[in-house]
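The model shown is predicted, which means the values in this text are computed figures rather than measured ones. Per chain, numbering begins at 1; letters A, B, ... match sequence-line order.
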Amino acid sequence: MEYDFRKIEKDWQKKWKESNAYKVNNDFSKPKSYVLDMFPYPSGAGLHVGHPLGYIASDIYSRYKRLKGFNVLHPMGFDSFGLPAEQYALDTGQHPAETTKKNIATFKSQLDNIGFCYDWEREVQTSDPQYYKWTQWIFLQLFNSYFDKKENKAKPIAELIKSFETEGSLAAHSSQLTAFSADEWKQFDEKQKADILMNCRLAFCGYGEVNWCEALGTVLANDEVVNGVSERGGHPVVKKTLRQWYLRITDYADRLLEGLNTVDFSDAMKEMQSNWIGKSSGAEIEFGVKSQESGAKLRVYTTRPDTIFGVDFMVIAPEHEMVEKIASAEQKAAVEEYITYVKSRSERERMAEKKISGVFTGAYAINPFSGREIPIWISEYVLAGYGTGAIMAVPCGDERDLKFAKHFNIPVTNIIGTHFNGEEANPTKDAILENSGFLDGLLMRDAMEVAINKIEELGIGKRKVNFKMRDAAFSRQRYWGEPFPITWKDGIAKEWKGDLPLVLPDVEKYGPGPDGQGPLANIPEWVAQELETNTMPGYAGSSWYFLRYMDNKNEKEFCSRAASDYWNQVDLYIGGTEHAVGHLLYSRMWTKVLYDLGHIGFDEPFKRLVNQGMIQGSSRFVYRAQVKSAIPLAREKDENKYDKQIFISKNILINVLGDIEWDTDIIDSQKQEEIYAIIKETVSDFPNLKSEGPLTALFIQKIHVDVNIVDGVDLDTIAFKKSRPEYANAIFVLDKDGKYICDVEVEKMSKSKFNTVNPDDLVAKYGADTFRMYEMFLGPVEMSKPWDTKGIEGVHRFLKKFWRLYINDDKSLPAGRQGLIVKDDEPTPAELKVLHNAIRKIEQDTERFSFNTGVSGFMIVTNELTDLKCHKRKILEPLLILLAPYAPHIAAELWSLLGNTTAVLDAAFPTFEEKYVKESSKAYPVAINGKTRTELTIALDATQQQVEELVLTDEVVKKWLEGKPPKKIIYVKNKMINVVI
RNA sequence: GCCCGGGUGGCGGAAUUGGUAGACGCAGCAGACUCAAAAUCUGCCGUUCGCAAGGAUGUGAAGGUUCGAUUCCUUUCCCGGGCACCA
């Protein structure tokens, strides 16, 4: 009886489906565990082997928790709104809903193939009107709320309106609001009131810059812009200001920061989030400006007010409102030219730029303490959105400022004496200040307070806490997203009065609307209702989906309070670090808002977060030789002068060309001759280069080849010929051993690089259990690594070996002697020790997410029990329960073959018992000066003195001591012994 | 540029708290079984010197702390992720 994984897996998947084995009930009597994966965007390319890495980990953990007696919620769904489906619609005219539906069906069948324990009845899809009904509802909660700065929480905006009527603007506790009295408020007209309220709402409208592509008439995402032009078509892209929705996430900055102390995320993750929030304290200082326009003030934000005497120049953002006002007549042209240049640059480019650029405005700021005139510059490295969009530059203490000063020959003032060497800036806070007027002689650390106090005293600035984080842009000029339930009349935004959901209408075409508006602006009926034409961004639906899984059929509420009180926080959330600052911060904010408004009972969504690494693609390349024109321009159109395609094995090229960088497909003429000669050996009718004329040359191109037809680096030449019609008559120039060797490179896994591996293929060949265990065996879940299918055989072999502990599959034996060989004999102490070591190992490794070592633990226990020839029920039955989370199908089959009528899914995880693994002695490594030289078996309760005596009688130790007494003998109980000589 | 990770044999990786570097698996080599193949089993397997016993060396690089460093500290190189409209 062989391990027939195909039959076993098919049968069990069917049984589990029929018996609803994965159905999760809101059974409030049991302890709960909520295990969640970041749900996928259902791309047209389908699932590749990178996707399931986290899903398998969470599936193992869910099944493990179930064996431990928990009611486990482990759902799956789809983040099904998004740009790629819309782009596909633009290209093909197919409705995104149609393609999305198709893609989801593919994803689901691929997921089911791997044997996950999802309860599909709880599935959510963000583009489903029954789902986005509640996304819209939550948006309205945000729209109808404000952040009460005093209570530090969201409250209904109706309460604010009431307070305005009695207290005026004081009620908002906001410095940004222009002051008004209660009476004034009552006098305001509707528009004035609406504008003030808009400044308080958690979801509000403002103006923001977008990547505008005039030629395409549309707004582009950052990754659709490459080197300042559109990725599609290469059209110019400029900044354009559009009305946009925003979420006031900055009001939650402090709570988002503090909340990190209450969750179990990695330190790296917490650090990334707190850096993103970027809380800093310092001062805003106003400088008088000497320019054509008198009375202008320049407000800068600095975290180092103690360095105010070291300011040698100011830098303001090119977008800064003062630029036009202060630029001098002589500098005007230069300033305008610079601003035009900056307009064409993306924010990313501006920050990543190593080259220093900038222009002098011709104006000067006045240092309020020294009266010094400080030149005001413009540079792209200062962004308008950060702080005040203006900085005071202190070159002796800031590297970027120093580089700028050096580049433009601005003299540098040293205020920190010997701490500054003139070459490198020193950002220390521990220097004694010099050249610093009233701060002279103070330690910088202490001078900060002194400086701020003085600044406040003089009324030229104030203490200020600043956040780097900006409010989250929440609208897109796109079709495939949630419509806003908002109408606009006379410039006033109002809640749409119809019943949610406000359904996304069909459109004729997916192209942009007029004036940079989204496609919805093309629908007369939509516009006639004065509905908002923007749609919500991708992260809207994903900011709260974990709540919907708890109660996804609820038609009255987004999630009943009973369900959210029970399932509560996600106990374990798995996903990639690429979501560190986007999705995670947004969903944390939404959770806090829902909590503040009393809709849920917790204000952090994810209790524990585990990051899964990226699976990269390992691309394979072949080298193609062609005879073409030597002139680059002509070569583009030029046909290959030989009618067959010739591919040369990598090693042959390396022998001739060395291990060179392949950034060009042209090789020098002498090497061409050598390669030509080699080709000629295989291809006798290959055209003579010279006879084709002097303008003809040999070109070698490096071309991606599908990894699935390469075994390691050996190309399957027959499969290759079949892979494309133009390769049908390909000729291979092979190595001496007759092999075609491919080149290898690690890249992102993507269809276009032919390096994707479909889990379906591997499941078909080795089974889901093997696939699951192999993905885990690859390495730690958190680590990124390139995919390599080699090695999966080893895991498959292990499962076959495991099978043979239970079943005799020796075909040479008569049928009667094949089959189950498990006996009811009592196990020996050695066998019990092996089992209990395994229980401890698997339990620990599963708890700490070390699935790779868990798999190797299974291999070890299988090897050991095979060596012991152990076929005893009391050992092998508990072992099946250990294996069930990792390889559920084989475990279920053997469990049932052992005669069990209950499901292994609901067995009880075996209990580890110390008594079976207890040792009385240990083989200690004995090191001389830290280098292990021998081993001594010593009782675990031995004293230092006993150990020293034993060690000194050892022959190996004596040899190293050469008769001299040791300086010291270090004995660490249960670890090691070190003899110092 | 800034922030966060990672770098250990031919390859994936192990070493959980500073304590035997290379568990487990792949690949490779040698052998057993077989008419043969597949499957399975046994042994070897970082580099280097040595017949061997044994020694030297070795965790990206350079330094440091320590009886002892893959692990801690400093400097540095390379690779990956993020940087606000991909999801």
Side-chain angles (χ1 to χ4, degrees), chain A residues 2 38-41 43 79 81-84 87 208 210-211 219-225 244 266-269 271-276 278 347-348 350-355 381 385 399-400 468-473 475-478 537-539 542 576-583 585 611 613-614 616 712 746 748 774 777-780 782-786 788 790-795 797-798 800-801 804 809-811 844-845 848 850 852-853 855-860 863 923-935 967-970 972 974-981:
Chain A
E2 256 186 311
M38 291 185 187
F39 60 174
Y41 174 79
S43 79
D79 189 10
F81 272 134
L83 208 48
Q87 192 56 51
V210 294
N211 299 314
V219 177
L220 297 176
N222 281 338
D223 67 337
E224 293 177 305
V225 183
Q244 302 277 12
S266 69
D267 288 343
M269 174 61 62
E271 214 170 322
M272 272 189 269
Q273 291 204 0
S274 62
N275 287 342
W276 179 265
E347 206 166 281
R348 177 90 54 89
R350 285 172 57 174
M351 285 188 293
E353 187 56 77
K354 286 186 211 173
K355 260 197 340 246
Y381 78 83
E399 196 54 43
R400 198 153 49 165
K468 205 159 85 192
M469 184 166 68
R470 317 201 285 256
D471 280 329
S475 48
R476 305 288 182 261
Q477 292 69 46
R478 294 286 179 177
Y539 66 83
S542 61
T577 45
E578 66 270 25
H579 300 287
V581 288
H583 161 64
L585 280 174
N611 292 115
M614 255 210 185
Q616 292 140 320
V746 173
K748 217 171 179 158
Y774 182 58
F777 190 58
L778 275 178
E782 316 82 56
M783 219 87 98
S784 292
K785 56 229 145 195
D788 188 358
K790 273 210 158 177
I792 195 168
E793 303 254 6
V795 175
R797 246 173 254 163
F798 146 72
K800 285 202 275 189
K801 191 169 181 178
R804 286 196 302 271
D809 64 353
D810 188 346
K811 280 189 226 116
Q844 281 178 356
D845 286 352
R848 70 186 176 102
S850 180
N852 56 329
T853 55
V855 174
S856 97
F858 282 117
M859 290 172 170
I860 291 166
N863 290 344
Y924 280 92
V926 180
I928 311 290
N929 286 342
K931 274 194 201 305
T932 308
R933 299 296 178 183
T934 184
E935 210 169 68
K967 275 201 195 123
K968 204 200 250 177
I969 294 177
I970 294 156
V972 184
N974 221 348
K975 294 279 189 211
M976 46 68 69
I977 294 161
N978 190 16
V979 182
V980 187
I981 58 176

*Between B:G12, B:G6, B:G19, spot the one nearest the side chain of A:Lys975, thanks.*
B:G19

*Given the rule in the side-chain hydrogen bond (donor to acceptor under 3.5 Å, both in side chains) test, do A:Asn978 and A:Lys968 qualify, once you have shown the distances and angles that lead to the verdict?*
CA-CA 8 Å; A:Asn978 190 16; A:Lys968 204 200 250 177; over 6 Å; no

_Minimum-distance nucleotide to A:Arg804 side chain [options: B:G82, B:U40, B:C85]_ = B:U40

_Any strand: nucleotide that pairs with B:C35 via Watson-Crick or wobble, under 3.5 Å_ = none

*Return no unless some side-chain N or O of A:Asn852 is found under 4.0 Å from OP1 or OP2 of B:A14.*
yes

*Are A:Arg470 and B:C85 close enough that a side-chain N or O sits under 4.0 Å from OP1 or OP2?*
no

*asked:* With hydrogens left out and only the distance checked, is there a donor-acceptor pair under 3.5 Å joining A:Asn978's side chain and the base of B:C67?
replied: yes

_Testing the 3.5 Å rule here: is there a donor-acceptor pair between the side chains of A:Lys801 and A:Asn863?_
yes

*Compare the minimum distances between each of B:G82, B:C3, B:C86 and the side chain of A:Asn275, then state the nucleotide with the smallest one.*
B:C3

_A:Glu224 (side chain) and B:C86 (base): donor-acceptor pair under 3.5 Å_ = no

*If you check the A:Ile970 side chain, which of B:U20, B:C67, B:G12 turns out closest?*
B:C67

*In whole Å, what is the span from the NZ atom of A:Lys468 to the P atom of B:A84?*
12 Å

*asked:* Closest approach to the side chain of A:Ser856, judged atom by atom: which nucleotide of B:C41, B:A87, B:C24 is it?
replied: B:C24

*asked:* Side chain of A:Met469 only, heavy atoms from C-beta on: which candidate in B:G55, B:A84, B:A27 is closest?
replied: B:A84

*Would you say A:Arg478's side chain and A:Val219's backbone share a donor-acceptor pair under 3.5 angstrom?*
yes

*Does OP1 or OP2 of B:G25 have a side-chain N or O of A:Asn863 closer than 4.0 Å?*
yes

*When you measure from the side chain of A:Asn222, which nucleotide among B:U40, B:C3, B:A84 comes out closest?*
B:A84

*asked:* Heavy atoms from C-beta onward define the side chain here; which of B:C86, B:C67, B:C4 lies closest to that of A:Ala268?
replied: B:C4

*Nearest to the side chain of A:Glu578, which nucleotide is it out of B:G6, B:U20, B:G82?*
B:G82

_A:Thr853, nearest nucleotide to its side chain (from B:U20, B:A15, B:A87)_ = B:A15

*Determine whether the side chains of A:Asn611 and A:Thr577 contain a donor N or O and an acceptor N or O closer than 3.5 Å.*
no

*Toward the 5' end of RNA chain B, which comes first, A:Val980 or A:Val855, by nearest nucleotide?*
A:Val855

